[in-house]
Amino acid sequence: MNSSQQPRPARLTVGVVGAGRVGPALARALQQTGHRPVAVSGVSDASRRRAAEMLPDVPLVSPAQVLEHADLVLLTVPDDALPALAEGLAETGAIRPGQLLVHTSGRYGTAVLDPARRAGALPLALHPAMTFTGTMVDVQRLAGCSFGVTAPDELRLAAEALVIEMGGEPEWIAEANRPLYHAALALGANHLVTLVAQSMEVLHKAGVARPDRMLGPLLGAALDNALRSGDAALTGPVARGDAGTVAAHVSELRKHAPATVAGYLAMARTTADRALAHGLLKPELAEDLLGVLADGGADGPTGPTGPTGPGDANGAEGGTDR
């Protein structure tokens with residue numbers, strides 16, 4: 001097999017090294033287009049159960065045996081484990097010349113697979129910009145999913161074809177830009193999960209019975225607005241310069257959810273900077289607000305009835321854009 005010369009990969013036998021949430025889903029997606037999963041390796045009980053559910057009748061074997069049986073090998077292990085895995089596979093002679101090795105790390109390009117390439121492997125970096133659950137819903141979510149793709153020039157067509165066959169859309173990322181690309185996704189997705197989880201916890205403390213139901217429409221609209229309009233979609237007390245409201249927030253969070261305060265302050269400072277830069281936050285209101293954030297909300301400005309009293313710039317109801 002010389003996949004580097006094929007504009008579209010032939011039907012391949014597929015192996016998975018690392019049956020986390022990603023590998024079995026990609027193998028299942030490839031199976032639906034005619035490729036044939038033949039072997040999977042997993043260490044934990046959870047990964048073995050996941051492999052059995054997602055890839056029934058595919059044997060669970062060692063990593064070396066996966067490479068022995070597969071033309072296309074998905075290396076779906078944690079980022080920090082990938083360099084040692086590539087070196088180990090090369091040193092043990094597990095790699096066959098012409099074998100496609102595909103890792104799914106966002107951080108790395110193909111250079112991390114250089115030991116395997118020197119042993120004759122054909123390296124590809126195909127990172128799905130998607131969050132995974134470890135269930136069949138992941139296969140469905142690959143439809144229209146962007147993949148951050150890095151590949152040698154001679155393998156670009158093969159990489160593109162594999163991504164398209166899995167239902168994805170290839171986005172070419174230069175080797176040197178992989179860490180920056182991955183950091184951007186972590187900012188948007190991983191940190192979003194943390195923020196949403198904290199928001200639900202605080203709403204529960206405030207007496208809301210179904211925080212998820214309350215947040216769903218609000219967060220859906222906020223995400224849609226942000227994707228459409230960027231910083232112009234900023235709303236809320238920080239963007240308005242409501243220093244008293246922000247001080248009240250921090251005070252209450254310190255009492256009831258102290259673990260959220262550092263994140264709230266960090267995001268509020270960043271929001272204030274962006275709102276100022278884009279002309280949304282009036283400079284004359286920014287001074288008090290930034291003072292509250294610098295003090296951690298301890299001595300924020302107060303109106304006649306306290307931090308959330310009539311001194312609010314938008315009136316007692318706080319405006320209509322919350």
Side-chain angles (χ1 to χ4, degrees), residues 1-18 22-38 66-67 70-77 79 82-83 85-87 89-90 94-130 132 138-139 141-186 189:
M1 180 190 71
N2 188 355
S3 297
S4 66
Q5 297 178 356
Q6 297 180 22
R8 177 182 176 86
R11 301 305 89 185
L12 304 169
T13 54
V14 178
V16 179
V17 175
V22 178
L26 298 189
R28 186 63 180 258
L30 289 168
Q31 183 180 43
Q32 292 179 352
T33 65
H35 300 287
R36 184 165 61 92
V38 293
V66 171
L67 271 77
D71 302 317
L72 165 62
V73 180
L74 300 172
L75 303 179
T76 51
V77 298
D79 289 0
L82 186 58
L85 175 63
E87 291 178 4
L89 293 175
I95 296 167
R96 291 184 282 112
Q99 194 167 39
L100 279 165
L101 286 192
V102 177
H103 80 69
T104 59
S105 165
R107 170 185 172 186
Y108 291 110
T110 58
V112 71
L113 298 180
D114 277 352
R117 179 186 55 77
R118 290 190 290 269
L122 305 176
L124 300 176
L126 308 180
H127 174 252
M130 178 54 62
F132 286 78
D138 297 331
V139 180
R141 285 178 174 172
L142 290 175
C145 168
S146 292
F147 279 65
V149 180
T150 304
D153 288 343
E154 66 272 18
L155 293 176
R156 284 174 67 94
L157 289 177
E160 183 177 52
L162 286 171
V163 169
I164 291 172
E165 285 188 325
M166 287 186 283
E169 299 181 2
E171 184 73 35
W172 299 99
I173 309 295
E175 179 84 26
N177 289 341
R178 292 290 292 204
L180 182 62
Y181 151 80
H182 196 222
L185 296 182

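Only this structure's heavy atoms are used, side chains among them; waters, hydrogens and symmetry mates stay out.
With rounding to the nearest 0.5 Å, the separation of CD in Glu169 from CZ in Phe147 is 10.5 Å. The OG1 atom of Thr76 sits 10.0 Å away from atom CG of Leu82, with the distance rounded to the nearest 0.5 Å. Between atom CD1 of residue Ile164 and atom OG1 of residue Thr33 there is a gap of 11.5 Å, rounded to the nearest 0.5 Å. Taken from CE in Met130 to CG in Leu142, the straight-line distance is 7.0 Å, to the nearest 0.5 Å. Ile173 contributes atom CD1, which lies 9.5 Å from atom CG of Leu180 (distance to the nearest 0.5 angstrom). With rounding to the nearest 0.5 angstrom, the CD atom of Gln99 is 8.0 Å from the OG1 atom of Thr13.
Contact between Leu155 and Pro123 at its shortest, heavy atoms only, is CD1-O, 3.6 Å. Shortest non-hydrogen contact noted between Val16 and Ala27 is CG2-CB, 3.7 Å. Of all non-hydrogen atoms in Leu122 and Gly98, the two that sit nearest each other are CD1-O, 3.5 Å. Listed here is the closest heavy atom pair of Gly148 and Arg178: O-NH1, 3.0 Å. In terms of heavy atoms, Val139 sits closest to Ala25 at CG2-O, 3.7 Å. When all heavy atoms of Ala94 and Leu67 are compared, the pair lying nearest together is O-CB, 3.6 Å.
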Worksheet item: Hey, mind stepping through Tyr108 and His182 against side-chain contact (heavy atoms from CB on, under 4.5 Å) and telling me if it holds?
Response: CA-CA 9 Å; Tyr108 291 110; His182 196 222; over 6 Å; no
Item to complete: With side-chain contact (heavy atoms from CB on, under 4.5 Å) as the test, would you mind laying out the steps for Leu89 and Leu75 before giving the verdict?
Response: CA-CA 11 Å; Leu89 293 175; Leu75 303 179; 4.2 Å; yes
Practice prompt. Just do the salt bridge (Lys or Arg N to Asp or Glu O under 4.0 Å) check on Glu87 and Arg118 with the steps written out, would you?
Written response: CA-CA 10 Å; Glu87 291 178 4; Arg118 290 190 290 269; over 6 Å; no
Worksheet item: Leu30 and Leu162: side-chain contact (heavy atoms from CB on, under 4.5 Å), yes or no, with the steps?
Response: CA-CA 8 Å; Leu30 289 168; Leu162 286 171; 4.1 Å; yes
Discussion item. Would Leu26 and Val102 count as a side-chain contact (heavy atoms from CB on, under 4.5 Å) here? Give the steps.
Written reply: CA-CA 11 Å; Leu26 298 189; Val102 177; over 6 Å; no
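A donor-acceptor contact shorter than 3.5 Å links the side chain of Glu175 to the backbone of Thr110.
Ile95 pairs with exactly one of Leu101, Leu113, Val73 by the side-chain contact (heavy atoms from CB on, under 4.5 Å) rule, that one being Leu101. Of the residues Leu12, Val14, Leu100, the one that meets the side-chain contact (heavy atoms from CB on, under 4.5 Å) test with Asp71 is Leu12.
No more than 12 heavy atoms of other residues, nucleotides or ligands lie within 6.0 Å of CZ in Arg36, so this atom counts as exposed by the packing criterion.
Scored by the ring-ring contact (aromatic ring centres under 6.0 Å, His included) test, Tyr181 finds His127 as partners (sequence neighbours excluded).
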